[in-house]
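Heads up, the thing below is written out as structure tokens.
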Amino acid sequence: WVTFTDEDGTGLMAAGMPLLEMSALYYTPEDLEKANYPYELKQRDQVVVHLNYKQTGLAGDDSWGARPYPKYSIDPSKSYSYSFTIRPISNGMASPMELSKQIAGKNRLQTK
């Protein structure tokens with residue numbers, strides 16, 4: 001799970017069912033692809049959020065093109081699907097950990 005809140009604790013929560021990989025950056029993927037060096041990146045006014053199921057590893061044992069180990073890779077020949085829930089949150093609610101357990105519990109009930 002991940003939360004995005006303001007100073008008062010009001011915001012959004014995303015919870016994977018069961019997994020969630022995420023990133024939140026001031027840069028788009030295109031910004032990162034174009035930049036050769038960090039100083040070339042210009043921070044945007046908005047945050048770019050990605051909610052993913054999994055992400056493959058970057059490299060193997062060396063910097064000369066070794067592939068990641070299979071356990072850190074995603075098989076491109078397979079189909080993948082995943083689910084997540086986005087919900088509003090605010091101060092005074094249960095902790096995000098407790099909320100994520102409630103979401104997972106509801107999902108288990110619906111799939112039986």
Practice problem: Return yes if some donor-acceptor pair links the side-chain N/O of Asp6 with the main-chain N/O of Asp8 below 3.5 Å, else return no. | Solution: yes

Quiz item: Going hydrophobic residue to hydrophobic residue with side-chain gaps under 4.5 angstrom, can you get from Trp1 over to Val47?
Solution: no

Quiz prompt | Interatomic spacing from CE in Met17 to OG in Ser100 - rounded to 0.5 Å | solution = 12.0 Å

Quiz item: At their closest point, which heavy atom of Tyr26 faces which heavy atom of Gln46, and how far apart are they?
Solution: CD2-O, 3.6 Å

Quiz item: What distance do His50 atom NE2 and Leu25 atom CG have between them, rounded to the nearest 0.5 Å?
Solution: 7.0 Å

Exercise. Check Gln43, Glu40, Arg44 against Asp31 for a side-chain contact (heavy atoms from CB on, under 4.5 Å) and give me the one that passes.
Key: Arg44

Self-check item: Residues forming a side-chain hydrogen bond (donor to acceptor under 3.5 Å, both in side chains) with Glu21, sequence neighbours excluded
Solution: Asn52, Gln55

Quiz item: For Tyr72, does the OH atom have more than 12 heavy-atom neighbours from other residues, nucleotides or ligands under 6.0 Å away?
Solution: no

Quiz item: At what distance, to the nearest 0.5 angstrom, does CD1 of Ile89 lie from CG of Leu99?
Solution: 7.5 Å

Quiz item: Under the side-chain hydrogen bond (donor to acceptor under 3.5 Å, both in side chains) test, which residues partner Thr56, sequence neighbours left out?
Solution: none

Practice problem: Work out which heavy atom in Leu20 is nearest to a heavy atom in Ala14; give both atom names and the distance. | Solution: CD2-O, 3.6 Å

Quiz item: Is there a side-chain contact between Leu19 and Tyr53, using heavy atoms and a 4.5 Å cut-off?
Solution: yes

Practice problem: Quick one: list whatever passes side-chain hydrogen bond (donor to acceptor under 3.5 Å, both in side chains) with Asp75, sequence neighbours left out. | Solution: Ser77

Self-check item: Shared hydrophobic cluster for Leu12 and Val48 (ILVMFWY, side-chain gaps under 4.5 Å)
Solution: no

Quiz item: Does the side chain of Leu51 come within less than 4.5 Å of Ile86's, by heavy atoms?
Solution: yes

Quiz prompt | Within the 6.0 Å centroid threshold, strictly below: Tyr82 and Phe84 | solution = yes

Quiz prompt | Stepwise side-chain contact (heavy atoms from CB on, under 4.5 Å) test for Met13 and Met93 | solution = CA-CA 12 Å; Met13 174 184 179; Met93 296 179 79; over 6 Å; no

